[in-house]
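Presented below is the structure to which this report refers.
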Amino acid sequence: MVLHLVEHLGFTGCLICFFVLLLIVDLIRNKNPSNFPPGPWPLPFVGNIFTGLDFRTIDKLAERHGEVFSLRWGSEKTVFVSGYKMVKEALITQLDSFADRPVVPLFHKVFKGLGVVLSNGYLWRAQRKFVVTHLRTFGEAKKNLETSIQQECVFLCDAFKEEGGPFDPQFFLNNAVSNIICSLVFGHRFDYHDENFLAVLRFDIEAVILAGSNQAQLYNAFPRLFEYLPGPHQKIFANYEKIVDFLKDEIRKHKEDWDPSDPRDYIDAYLAEMEKKKSDPEAGFNMETLVVATLDMLEAGTESAATTLRWGLLFMMKYPHIQENVQAEIDRVIGQSRQPTLDDRANMPYTEAVIHETQRMGNIVPLGFPKKACKDTTLGGYFIPKGTSVTTNLSSVLNDKSEWETPDTFNPGHFLDDQGKFRKRDAFLPFSAGRRSCVGEPLARMELFLFFTSLLQQFTFSPEPGVELSLEGQLGFTYSPGPYRLCVSPR
Ligand code: HEM
């Protein structure tokens, strides 16, 4: 029959027929359900693969297609939700509609749907509850967290003092912030010159930057096609493999000298939970999940807070009068003879406002973490079927023109009332909101306050002479300042 067809249509004719057939299959397979969110016209087979998935492009598309629109990369459709009102509707009003995570091939290889950040269902609930309880017990009952952050502030300030000339603070800040998580999870910190740990931080930073590249997104759209091809995804996998080896080693050491009657940290508490939950395997308390759960904490708990602090120091250099105001408040409330404490927060509205504004303008997780509709849902009048990937554009909330007086300007006044008291803002959602909101928010807020205030109590920050600082960030999975060097003058 094939021969007969070739004879009749000719080779070119057959090719055209085959192509048309593929086109029809593609059209049928990717047909949108009725009332699905609109979006730019997709190309056959590849969809909107030439449309970047960075927050600036998404902002522009939202202007054209509305606050709820869709894109298709390969066969993978994603709905993007923008603006405070619509994001609030998705995350808070419809609390249970978008509480799942989709499979993100780039991360699935390592995270395997285990742990907290990228898991779902019963396992996610059990693991999240465990992290929240552990953070609370460790933080409140023992007041350990505050002390451990204060101690780290001393190490960080000493390290800054030792630097003679202008220097890049990135690794110091990442190491300092990561040490808080390490104390919590491993029960100890790492020296700023520990080559092994610096390598882990380097792998992490590199993976976070590469994960945001368009080539890495291509792997997400066509994982089977790119599996064996070179590209940034291979580097990301290799980096994670090395980080996981490091974590496995820490866990092995913990197991060797584990004393169930004296839990020292998160890993010990997890090992005890594994014993307790033996009869409930669905909750996922096993060695494989422990590795991922530890990676979750190191990943989610390091880059985010360290990047925020890096934005903070950059803004202080860029706006020296704001730096002076913060220092005046520190001198008035704390002075120079003692370390900042968490109780000082209540008396330092200006500093609190500057930290919040740093998070708003820093915009470090512009598109949040990916989500998935857990049931058929209607949002903004559009139908979103169960299983569709959904991205909430947090950047568009932090810059929403109808919520912020001067969205494009660094303005601590956004968080101050007429009397100079701190005021909360509804559209302040850097930690997202709803069921999947950041579990580390209370810890992150403690870290940001104590590190930022300690640094400004001890030093004045300025740029290298003759260097114009840029506020243009680097887009990876997070949005971070480009590399910069700073000069520190002890106060
Ligand atoms: C300034 C610092 C931080 C920022 C801006 C931040 C931001 C975020 C955001 C935007 C999400 C996604 C929420 C969503 O999907 O809706 C998230 C999730 C998460 N964060 Fe953070 N985070 C920070 C610090 C931390 C810290 C210190 C920890 C460590 C304890 C942490 C642990 C997590 C975890 C485990 C999740 C996943 C929650 C889930 O899927 O249920 N974060 N964070």
Side-chain angles (χ1 to χ4, degrees), residues 54-56 153-177 192-193 198 201-202 204-206 208-210 212-213 302-331 336 350-351 353-364 366 395 398-399 406-414 448 451-476 478-491:
D54 59 282
F55 74 94
R56 296 228 166 85
C153 288
V154 175
F155 285 116
L156 183 65
C157 289
D158 285 351
F160 273 26
K161 256 178 230 153
E162 275 169 27
E163 289 295 311
F167 65 99
D168 182 343
Q170 180 172 20
F171 275 88
F172 289 124
L173 293 172
N174 274 55
N175 206 332
V177 168
Y192 298 156
H193 301 289
L198 283 177
L201 293 178
R202 222 171 283 128
D204 184 28
I205 291 171
E206 195 177 35
V208 169
I209 291 178
L210 288 176
S213 67
T302 297
E303 243 325 88
S304 48
T307 302
T308 309
L309 285 169
R310 218 143 52 82
W311 275 120
L313 297 185
L314 181 60
F315 287 133
M316 291 306 95
M317 290 192 287
K318 197 78 184 168
Y319 308 115
H321 61 288
I322 297 182
Q323 179 171 198
E324 276 169 26
N325 292 347
V326 173
Q327 287 170 328
E329 191 173 67
I330 292 172
D331 293 348
Q336 284 288 338
Y350 188 81
T351 306
V354 168
I355 294 171
H356 280 67
E357 184 66 354
T358 296
Q359 287 198 268
R360 189 190 71 78
M361 286 286 282
N363 183 23
I364 67 146
S395 168
L398 296 173
N399 291 289
T406 57
D408 303 326
T409 309
F410 188 89
N411 172 12
H414 284 139
L448 293 182
F451 278 121
F452 186 72
T453 320
S454 299
L455 287 169
L456 285 161
Q457 181 191 39
Q458 305 262 325
F459 307 106
T460 298
F461 296 93
S462 53
E464 275 182 278
V467 172
E468 183 61 35
L469 291 169
S470 162
L471 293 180
E472 193 50 45
Q474 260 182 329
L475 259 174
T478 57
Y479 185 61
S480 59
Y484 65 77
R485 283 146 59 91
L486 44 70
C487 300
V488 297
S489 329
R491 298 185 62 220

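Scope of the values below: all heavy atoms of this structure, side chains included, with no hydrogens, waters or symmetry mates.
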Using side chain to side chain donor-acceptor pair (under 3.5 Å) as the criterion, list what pairs up with T302, not counting sequence neighbours.
S178
Which pairs count as salt bridge (Lys or Arg N to Asp or Glu O under 4.0 Å) when at least one residue sits in residues 467-476, sequence neighbours excluded?
R56-E472, K318-E468
By ring-ring contact (aromatic ring centres under 6.0 Å, His included), Y350 pairs with (sequence neighbours left out) none
Kindly compute the distance separating OH (Y192) from CZ (F171), expressed to the nearest 0.5 Å.
14.0 Å
So, E357 side chain and N411 main chain: donor-acceptor pair closer than 3.5 Å or not?
yes
Using the ring centroid of each side chain, check whether F410 and W311 are separated by less than 6.0 Å.
no
Using the rule given for side chain to side chain contact (heavy atoms under 4.5 Å, CB included), can you reason through M361 versus L471, listing the C-alpha separation, both sets of side-chain angles and the distance that settles it, and then say yes or no?
CA-CA 10 Å; M361 286 286 282; L471 293 180; 5.7 Å; no
Is it the case that the side chain of R310 and the backbone of P169 share a donor-acceptor pair, with hydrogens and angles ignored and the cut-off at 3.5 Å?
no
Apply side chain to side chain contact (heavy atoms under 4.5 Å, CB included) to residues Y484 and L313 and explain how you reach the verdict.
CA-CA 10 Å; Y484 65 77; L313 297 185; 3.5 Å; yes
Full working for side chain to side chain contact (heavy atoms under 4.5 Å, CB included) between R491 and Q336:
CA-CA 9 Å; R491 298 185 62 220; Q336 284 288 338; 3.4 Å; yes
Keeping the roles fixed (side chain from E464, backbone from P166), state whether a donor-acceptor pair exists under 3.5 Å.
no
Closest non-hydrogen contact found for A353 with P412 is CB-O, 3.5 Å
For T460 and Q323, test the side chains for any donor-to-acceptor distance below 3.5 angstrom and give the result as yes or no.
no
Using 0.5 Å steps for rounding, measure from the CG atom of D168 to the CG atom of L486.
7.5 Å
Rounded to the nearest 0.5 angstrom, the CE-OG1 distance for M316 and T358 is 5.0 Å
